[in-house]
Amino acid sequence: MMKHALTGSVPFLLMAGLLCVIAAHAAVAAAASPTGSRAADMAARLQPAEQQAVLQARPVPAAGGDETTPGLLAWPGVPRLGLPVLRMPTFATPVQPGDASPRPMLPWLALAATWDPDLARRAGVARARSEWLHGRAVLRVGGVDTLPSGRLQGGEDQVLAGSMAGMIGAGLLSGHVLPVFGSVAREEQVRADGATPERSAPVKASDLAAHSLLGVATALEVAHGGAMLCGGMAPCAGVTGLAGMVHEAWHFPGMIMAVPGGALAGGAAHGTDTAPALNAIATGVDMEQVSPGSPDVLGEMLRKAVRDGDVKPAQVQAMVTHILASFYMAGSLDHPPPFAAARTGVQPPPTDTLLGDVEAEGAVLLQNENRVLPFDPALGPVLVLVHPAMRGPADLLAEGLRHAGLTVTVVTAPDGAGATGTLPPACAQAARTLVLSASNDDNRMITTLAELGGHVAVVLTADDPDRQMPWLDAVDSVVQGWAWRDEYAPALSALLSGQQDFSGHLPVTLTGGLYPPGMVDANYRAFERAQVVPLFPFGYGLSARGRLALSELHVVREGNHLTASFTLSNPGTAAVRAVPQLYVETPPDLPGNPRRLAAWRSVMVVPGHPVRLSVPVSLRLAGQWNATGGNWAVAGGDYTLSLGFSSVMLVRHATLHLPALHVPATLENQPAPVVTAE
């Protein structure tokens with residue numbers, strides 16, 4: 001496995017030798033699957049100039065002029081061999097819908113909070129339909145990345161984020177759209193104190209195997225295909241040994257794609273200098289996106305390197321094989337989207353309840369003192385209090401609550417209101433008040449409102465894991481409702497009125513903006529290492545209808561997997577959707593990872609009908625990466641598996657003794673966590 005990225009200072013003979021080794025290993029890995037074999041056969045049929053051309057996706061010329069279509073790129077294909085042109089958006093910026101709407105493609109944290117793989121796949125299917133209508137065959141899926149991040153939009157846990165991203169990818173693949181897994185820096189949930197992970201120094205892929213790369217590998221396994229992205233959080237050379245990890249250890253036949261400018265290790269490309277192209281190839285880049293103004297690393301630079309003999313034709317052919325393998329996984333080459341829709345305008349898709357369903361399953365009930373929620377119409381009217389910026393959402397929500405039989409009045413507090421006497425007079429007489437709050441700017445208003453003595457429920461309408469809640473002990477109910485979309489109004493009104501129960505669980509740790517000294521990350525594993533309980537832990541979420549009981553946890557080993565079985569029962573009077581979570585912890589005498597999420601299930605539990613569930617757990621999650629062998633080393637010892645409803649609310653435990661063993665890193669077609677309903 002290649003261990004270090006190459007720079008311009010590496011002697012030529014060493015660079016050329018390593019590139020040849022990479023080419024040989026890559027060719028073997030790519031041809032190991034039926035898709036890889038088909039890709040290898042097709043790549044061998046391409047002429048040298050065609051092989052070099054398909055290493056890039058370049059701007060699409062606008063109709064009738066020399067201008068290019070903003071943000072749209074095209075992979076050229078090879079018409080001579082029936083390989084079609086495939087269009088894609090530039091991956092240098094956060095993903096946007098094909099209709100150029102200013103909001104993100106998916107409500108990522110809300111979707112992750114559902115812990116519902118079926119809903120994630122449905123989101124991918126819907127996205128594939130939209131991309132197809134816009135003539136695009138490739139889409140970036142964020143939420144996971146090659147480089148570490150404290151918190152990406154898919155949540156802070158690699159297993160959860162990778163599984164959900166993988167199910168989105170599976171939905172895209174079903175519509176012949178290729179998912180490319182990777183994030184960009186602007187999708188990162190920045191900490192309240194501004195701290196961000198260090199990314200200026202290169203890091204070995206072997207050091208990330210149990211961290212960020214675990215999320216990417218999980219996504220590729222669950223999706224059963226795709227491609228991976230580098231350069232979105234830092235230049236691709238920021239992860240050394242990536243090609244060896246992906247193609248040799250994982251045996252993944254597909255491609256590594258670079259965002260515009262991401263293939264350049266640092267600085268700028270000058271004239272006929274071929275070092276940037278050699279570095280990009282050594283890093284593992286197979287395809288480069290090129291946008292106006294971005295470096296053109298795999299273009300003329302690479303062609304000169306080939307002419308000079310610095311890059312062998314076999315290496316270029318191996319890169320093409322990886323590219324074709326990814327496209328064959330998606331069926332994009334056999335079923336390319338038509339360009340007609342992109343030229344003549346797209347009809348809007350039929351009305352879909354997807355966004356509403358995401359909010360219905362993803363809204364998290366954090367607190368419910370005095371059982372204020374759901375609002376009971378028999379207990380009188382409800383006052384909705386907001387600042388002017390939230391007046392539109394408040395009116396939509398009030399309309400839904402009225403349809404549920406509640407008497408609702410919406411009042412607006414002026415910006416800056418919060419001191420005694422500055423709230424609207426109606427607040428002093430209200431027995432129940434609902435506040436829609438988008439930022440910490442509302443904290444003084446909420447505190448003053450709670451001091452008036454009525455019952456107060458707060459819905460947080462922003463994706464902010466560090467939201468401060470100085471008023472938490474003074475209010476009755478708190479709901480994490482995620483970044484507002486108007487489609488959320490009917491779903492949220494159904495939850496607040498009791499027509500539907502809360503079932504969301506946090507995909508991130510809510511810190512309140514407070515971190516233990518020296519903490520680099522702000523995720524649940526960092527809090528566990530510091531032995532500090534956060535404001536609300538990862539995986540947490542309440543039901544307004546009842547409680548659940550977990551019992552009879554048993555764990556057995558079956559090859560390279562564990563199987564955990566347990567019973568879930570509902571002693572209440574109403575059906576409750578549960579998300580039982582299983583965590584694995586290494587023996588205390590071993591230097592290992594803190595407790596981490598290993599598996600979960602999403603299941604509806606009916607009173608009087610206990611559910612017996614079995615979940616598989618990969619032993620990779622109990623091991624350490626073995627860089628020498630390219631596999632996972634599990635040390636012999638007693639491992640603890642804990643079951644509960646959050647990372648700290650663990651109520652059942654089982655201990656299993658494992659012998660020392662090695663687990664292959666080869667990507668498998670993993671079954672996704674299923675949703676079981678009764």
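Counting from 1, the numbers follow the sequence of the chain as shown. Heavy-atom basis, side chains included; hydrogens, waters and symmetry copies ignored.
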> Do any pairs count as a disulfide (SG to SG under 2.5 Å) and have a residue in residues 214-247, sequence neighbours left out, and if so which ones?
Cys230-Cys236
> If you look only at pairs with a residue in residues 285-305, which of them pass as a ring pair (Phe, Tyr, Trp, His ring centres under 6.0 Å), with sequence neighbours excluded?
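Ring pair (Phe, Tyr, Trp, His ring centres under 6.0 Å) check on residues 285-305 returns no pairs.
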> Under the ring pair (Phe, Tyr, Trp, His ring centres under 6.0 Å) definition, can you give me all pairs with a residue in residues 286-307, not counting sequence neighbours?
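Passing the test, one end in residues 286-307: no pairs.
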> Rounded to the nearest 0.5 Å, how far does CG of Leu229 lie from CD1 of Ile256?
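Taking CD1 in Ile256 and CG in Leu229, the distance rounds to 10.0 Å.
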> Restricting to non-hydrogen atoms, name the atom on Ala223 and the atom on Gly169 that form the minimum distance, rounded to 0.1 Å.
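Minimum heavy-atom separation between Ala223 and Gly169: CB-C, 4.0 Å.
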> Determine whether Asp334 and Arg38 satisfy the following criterion, salt bridge (Lys or Arg N to Asp or Glu O under 4.0 Å), listing intermediate values before the conclusion.
CA-CA 12 Å; Asp334 299 315; Arg38 185 183 180 194; 2.9 Å; yes
> Would you check, one step at a time, whether the test side-chain contact (heavy atoms from CB on, under 4.5 Å) holds for Ser291 with Leu73?
CA-CA 8 Å; Ser291 289; Leu73 308 178; 4.1 Å; yes
> For a 4.5 angstrom cut-off between non-hydrogen side-chain atoms, does Leu214 reach Thr218?
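Side-chain contact under 4.5 Å: yes.
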> For Asp464, which residues count as a salt bridge (charged side-chain N to carboxylate O under 4.0 Å, His left out) partner, sequence neighbours excluded?
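Residues passing salt bridge (charged side-chain N to carboxylate O under 4.0 Å, His left out) with Asp464: none at all.
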> Do you know the tightest heavy-atom contact between Gln153 and Trp108?
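Answer, listing the atom of Gln153 first, then Trp108: O-CB, 3.3 Å.
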> Please report the C-alpha distance between Leu86 and Leu178 in whole Å, then the side-chain angles of each, then the deciding distance to 0.1 Å, and finally whether the side-chain contact (heavy atoms from CB on, under 4.5 Å) criterion is met.
CA-CA 10 Å; Leu86 298 176; Leu178 177 69; over 6 Å; no
> Between atom CE of Met319 and atom CG of Leu55, what is the distance when rounded to the nearest 0.5 Å?
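It is 4.5 Å, given to the nearest 0.5 Å.
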> May I have all residue pairs that pass ring pair (Phe, Tyr, Trp, His ring centres under 6.0 Å) and include part of residues 145-192, sequence neighbours excluded?
His176-His335
> Which residues satisfy the salt bridge (charged side-chain N to carboxylate O under 4.0 Å, His left out) test with Asp466, sequence neighbours excluded?
Arg151
> Got a second to check how far His211's NE2 is from Thr146's OG1, nearest 0.5 Å?
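Separation between the atoms: 12.0 Å.
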> Decide yes or no for Val246 and Phe252: does some side-chain heavy atom of the first lie under 4.5 Å from some side-chain heavy atom of the second?
yes
> State the CG-CG distance between Leu242 and Leu213, to the nearest 0.5 angstrom.
6.5 Å
> Are Thr240 and Met245 close enough that some pair of their side-chain heavy atoms sits under 4.5 Å apart?
no
> Can a donor-acceptor pair be found, under 3.5 Å and without considering hydrogens, that links the side chain of Asp286 to the backbone of Met257?
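It does not hold such a pair.
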> Do Trp482 side-chain atoms and Glu359 backbone N/O form a donor-acceptor pair below 3.5 Å?
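The answer is no, because no donor-acceptor pair under 3.5 Å joins these two groups.
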> Start with the C-alpha gap between Thr90 and Val259, add the side-chain angles, then the distance that decides, and say whether side-chain contact (heavy atoms from CB on, under 4.5 Å) holds.
CA-CA 7 Å; Thr90 177; Val259 301; over 6 Å; no
> Can you tell if the side chain of Thr509 reaches within under 4.5 Å of the side chain of Pro465, non-hydrogen atoms only?
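No - every pair of side-chain heavy atoms lies 4.5 Å or more apart.
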> Would you check if Ile168 and Leu111 make a side-chain contact, meaning some heavy-atom pair closer than 4.5 Å?
yes
> Give me the atom names and distance for the closest heavy-atom approach of Met228 to Val180.
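In this case the closest contact between Met228 and Val180 is C-CG1, 3.9 Å.
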> Do Met164 and Met167 come within less than 4.5 Å of each other through their side chains, counting heavy atoms only?
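No, too far: nothing below the 4.5 Å cut-off.
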> Are the side chain of Arg80 and the backbone N or O of Leu46 linked by a donor-acceptor pair below 3.5 Å?
no
> Do Pro107 and Leu355 have side-chain heavy atoms sitting under 4.5 Å apart?
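Yes, side chains in contact.
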> If you look at every heavy atom in Val177 and Arg136, which pair is closest and at what distance?
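Smallest interatomic distance, heavy atoms only, reads CG2-O, 4.1 Å.
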> Run the side-chain contact (heavy atoms from CB on, under 4.5 Å) check on Asp357 and Arg122 step by step: do they pass?
CA-CA 11 Å; Asp357 293 343; Arg122 183 178 153 200; 2.8 Å; yes
> Is a side-chain N or O of Ser326 found less than 3.5 angstrom from the main chain of Gly226, in a donor-acceptor match?
yes
> Going by an N to O cut-off under 4.0 Å, is there a salt bridge joining Lys304 and Asp310?
no
> What verdict does the salt bridge (Lys or Arg N to Asp or Glu O under 4.0 Å) test give for Asp395 and Arg391, after you've listed the backbone C-alpha separation in whole Å, the side-chain angles of each residue and the deciding distance to 0.1 Å?
CA-CA 6 Å; Asp395 287 336; Arg391 180 61 194 244; 3.0 Å; yes
> Within the side chain of Ser183, is there an N or O that forms a donor-acceptor pair under 3.5 Å with the backbone of Val144?
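Present.
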> Report yes or no: does His134 contribute a side-chain atom to a donor-acceptor pair with the main-chain N or O of Ser130 at less than 3.5 Å?
yes
> Over all heavy atoms of both residues, which pair between Met287 and Val54 is shortest? Give the atoms and the distance, please.
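Smallest interatomic distance, heavy atoms only, reads CE-O, 4.3 Å.
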> Quick check against the 3.5 Å criterion: does Glu50 have a side-chain atom that pairs as donor or acceptor with the backbone of Gln47?
yes
> Residues in salt bridge (charged side-chain N to carboxylate O under 4.0 Å, His left out) with Arg467, at least two apart?
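Expected list: none.
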> Could you state the interatomic distance from CG (Leu333) to CG (Leu83), rounded to the nearest 0.5 Å?
5.5 Å
> Could I get the full list of ring pair (Phe, Tyr, Trp, His ring centres under 6.0 Å) partners for Tyr328, not counting sequence neighbours?
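Counting only residues at least two positions away or on another chain, Tyr328 forms no ring pair (Phe, Tyr, Trp, His ring centres under 6.0 Å).
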> Pairs in or reaching into residues 153-179: which pass salt bridge (Lys or Arg N to Asp or Glu O under 4.0 Å), with residues at least two apart or in two chains?
none
> What is the minimum heavy-atom distance between Ala43 and Thr321, and which atoms define it?
CB-OG1, 3.4 Å
> With sequence neighbours excluded, what pairs up with Trp75 under the ring pair (Phe, Tyr, Trp, His ring centres under 6.0 Å) test?
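Result, ring pair (Phe, Tyr, Trp, His ring centres under 6.0 Å) vs Trp75: Phe327.
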> Taking the side chain as everything from C-beta on, heavy atoms only, tell me whether Tyr488 gets closer than 4.5 Å to Val459.
no
> If the threshold is 4.0 Å, N to carboxylate O, is there a salt bridge linking Arg45 and Asp41?
no
> List the residues meeting salt bridge (charged side-chain N to carboxylate O under 4.0 Å, His left out) with Arg199, not counting sequence neighbours, and say none if there are none.
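Applying salt bridge (charged side-chain N to carboxylate O under 4.0 Å, His left out) to Arg199 gives Glu188.
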> Do the side chain of Arg140 and the main chain of Gly182 share a donor and acceptor less than 3.5 angstrom apart?
yes
> So, does Asp207 use its side chain to make a donor-acceptor pair with the main chain of Val203 at under 3.5 Å?
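Flag not set: sc Asp207 to bb Val203 has no pair under 3.5 Å.
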> Is there a donor-acceptor pair under 3.5 Å between the side chain of Thr283 and the backbone N or O of Val285?
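No; zero donor-acceptor contacts below 3.5 Å.
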> Among residues at least two apart in sequence or on other chains, which ones pass side-chain hydrogen bond (donor to acceptor under 3.5 Å, both in side chains) with Gln56?
Arg58, Glu288, Asp296
> Could you grab the distance from atom CG of Leu460 to atom CD of Gln480, nearest 0.5 Å is fine?
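That separation rounds to 5.0 Å.
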> Give the ring-plane orientation class for His247 versus His322, where under 30° counts as parallel, over 60° as perpendicular and anything between as tilted.
parallel
